[in-house]
Amino acid sequence: MARPLTATVDLEAILQNYRYAKKLQPTCKAFAVVKSNAYGHGAVEVSRYLDKEVDAFAVAAIEEAIALRDAGVVSPILLLEGVFEGEEWALCEKHGFWAAIENTQQLDELRASHAKIEKVFLKLDSGMHRLGVDKEAAPSFVTALKESGQVGEVVLMTHFACADDLSDLTTMKQLAYFEQTRQLIGDIESSVANSAAIMKWSVPEGGWIRPGIMLYGISPFAEVSGRAMGLRPAMTLSSKVISTRKVSKGDKVGYGLGYVAAEDHMLATVAVGYGDGYPRHAENGTPMLVGGKPACLAGRVSMDMITVRMQDYSAELAMGEEVVLWGGDVPVEEVADYAGTIGYELVTRMTARPHYRYTRGDHSQ
Ligand SMILES: Cc1ncc(COP(=O)(O)O)c(C=O)c1O
């Protein structure tokens, strides 16, 4: 016997989404961005599955990269934020990691370490003002990296602030700034595009794209689901009905009695809560499927359980009925919208508590 909450991750869907990203930008090589536990999908399982095919992986920090190497992953791995401490450079050399450099301290520490690094991604601050060096400083960083004799190749990289908003011209301005910087430097490979840019913006030919959220079948755009954009959602979060009751018009439900039944209806209690990653801020009305039928959240999300309204009073509701919380016909983007957040956050905040099951398309692993 076990609690019935399961996150089923379709590894083949992730591979197909990776191929789709490359098809959209056929002149580019592509990272598979697997930081933050592959956006909650399981970095080791996802990376092992993709390892034979990807050009490289990208993570946020060296701990994430080492965990992949320890799991047998052999593809190159980029540290998107570079190192946080100078001693990490020696580990980068040992494991063959590539690293971003975005400030003078990282550069100085690299030189002091004498570590040999195959590829360094120099991060340009083209307007987001979060990380990176500016246009004026970039050429001297490239020169210093080349003259160090420690670096095989330097790639110029930047990140977009507003690529998910097609009406915002910031992306065009960032691209123009990037191209101006490239011209100051001369011949240098580029890396600019996240999922939104890969899908909707015109990005430089060649170089490296960095798809993250689209690999998991989730849309980077608020107004449209991943499925509608031709992606294959990779995660299905499902559970079961563990208790049922009829409530009458006026009955109140859950913590704070925050839901009041507007009419008589069936109520299901389902084994999932914020302790699993289901968002506590999800509002009454958040959609799901119970036994394949539309149903919705009714009452505050508890740590381990939610209460769910069936559409009509006569709906047959059995103990053990399957509940799809997101995935398949319940877009995670829509659930996120009801919780005042984005699909990125819902999947990334999944905890270790659900059972994780990995499939390859129709075949269980
Ligand atoms: C530097 C960098 N590149 C690429 C990505 C992937 O972005 P997305 O998940 O929107 O594709 C991220 C994600 O935050 C990032 O920080």
Side-chain angles (χ1 to χ4, degrees), residues 14 17-22 24-25 28-41 43 46-47 50 54-62 64-65 76-84 97-103 106 119-133 155-166 168 170-171 174-175 178 189-201 203-204 207-222 224-226 229-231 233-235 332-333 336 341-349:
I14 300 173
N17 292 329
Y18 176 83
R19 287 182 182 155
Y20 184 56
K22 286 195 76 160
L24 291 173
Q25 300 293 339
C28 295
K29 288 158 280 182
F31 289 101
V33 180
V34 292
K35 65 192 172 114
S36 202
N37 198 27
Y39 292 47
H41 291 69
V46 169
S47 304
L50 300 186
V54 294
D55 300 313
F57 291 104
V59 296
I62 201 163
E64 294 179 330
I77 305 175
L78 169 67
L79 312 183
L80 285 165
E81 292 163 43
V83 304
F84 295 88
F97 297 150
W98 303 347
I101 280 197
E102 70 92 23
N103 62 41
Q106 287 175 330
K119 269 190 208 293
V120 165
F121 284 64
L122 176 63
K123 186 122 183 202
L124 178 73
D125 178 6
S126 60
M128 188 169 178
H129 302 328
R130 185 177 67 173
L131 290 178
V133 303
V155 179
L156 188 66
M157 161 193 187
T158 199
H159 195 52
F160 295 130
C162 306
D164 59 333
D165 182 351
L166 300 179
D168 191 314
T170 306
T171 306
Q174 287 191 257
L175 273 168
F178 186 85
E189 211 170 42
S190 68
S191 177
V192 303
N194 57 2
S195 297
I198 292 163
M199 297 180 97
K200 288 288 175 193
W201 293 91
V203 299
W208 290 84
I209 53 173
R210 307 189 304 271
I213 197 72
M214 70 180 291
L215 297 182
Y216 308 102
I218 301 171
S219 167
F221 303 101
V224 53
S225 73
M229 300 198 73
L231 299 172
M235 183 191 287
V332 68
E333 296 91 338
T341 185
I342 52 177
Y344 287 79
E345 188 180 4
L346 289 201
V347 288
T348 304
R349 289 186 67 166

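Count residues from 1 along the sequence. All heavy atoms count here, side chains included; hydrogens, waters and symmetry mates do not. When a ligand or atom number is given, it counts from 1 through the structure's own listing order.
Scanning the protein for heavy atoms near atom 3 (N) of ligand 1, the closest one is R210 NE, 2.8 Å. Of the protein's non-hydrogen atoms, the one nearest atom 7 (O) of ligand 1 is N194 CB, 3.5 Å. When hydrogens are left out, the protein atom nearest atom 2 (C) of ligand 1 is H159 CE1, 3.4 Å; that is the closest non-hydrogen contact.
The aromatic rings of W208 and W98 stand perpendicular to each other, their planes meeting at an angle above 60°, with 30° marking the opposite boundary.
When each atom of ligand 1 is checked for a heavy atom of K35 under 4.0 Å away, the hits are 12 (C), 13 (C), 14 (O), 16 (O). When each atom of ligand 1 is checked for a heavy atom of Y39 under 4.0 Å away, the hits are 6 (C), 7 (O), 8 (P), 9 (O), 13 (C). Shown in contact with I213 at under 4.0 Å from a heavy atom are these atoms of ligand 1, numbered in order with element: 8 (P), 9 (O), 11 (O).
Contact annotation: M214 has no heavy atom less than 4.0 Å from any atom of ligand 1. Contact analysis puts Y344 in contact with ligand 1, with a non-hydrogen atom separation below 4.0 angstrom.
Residues meeting the ring pair (Phe, Tyr, Trp, His ring centres under 6.0 Å) test with Y39, sequence neighbours left out: Y216. A search for ring pair (Phe, Tyr, Trp, His ring centres under 6.0 Å) contacts involving H159 returns nothing, not counting sequence neighbours.
For the atom pair CD1 (I213) and CG (D164), the distance works out to 11.5 Å, reported to the nearest 0.5 Å. The structure places CG of L78 at 6.0 Å from CE of M157, a figure rounded to the nearest 0.5 Å.
Residue contacts with ligand 1, taken as heavy atom pairs separated by less than 4.0 Å, involve S195 via backbone and side-chain atoms alike.
Checked by distance only, ligand 1 and G212 come closer than 3.5 Å through their nitrogen or oxygen atoms.
A salt bridge links E189 with K29: the closest approach of a Lys/Arg side-chain nitrogen to an acidic carboxylate oxygen falls below 4.0 angstrom.
With a 4.5 Å cut-off on side-chain heavy atoms, V332 and M235 do not count as touching.
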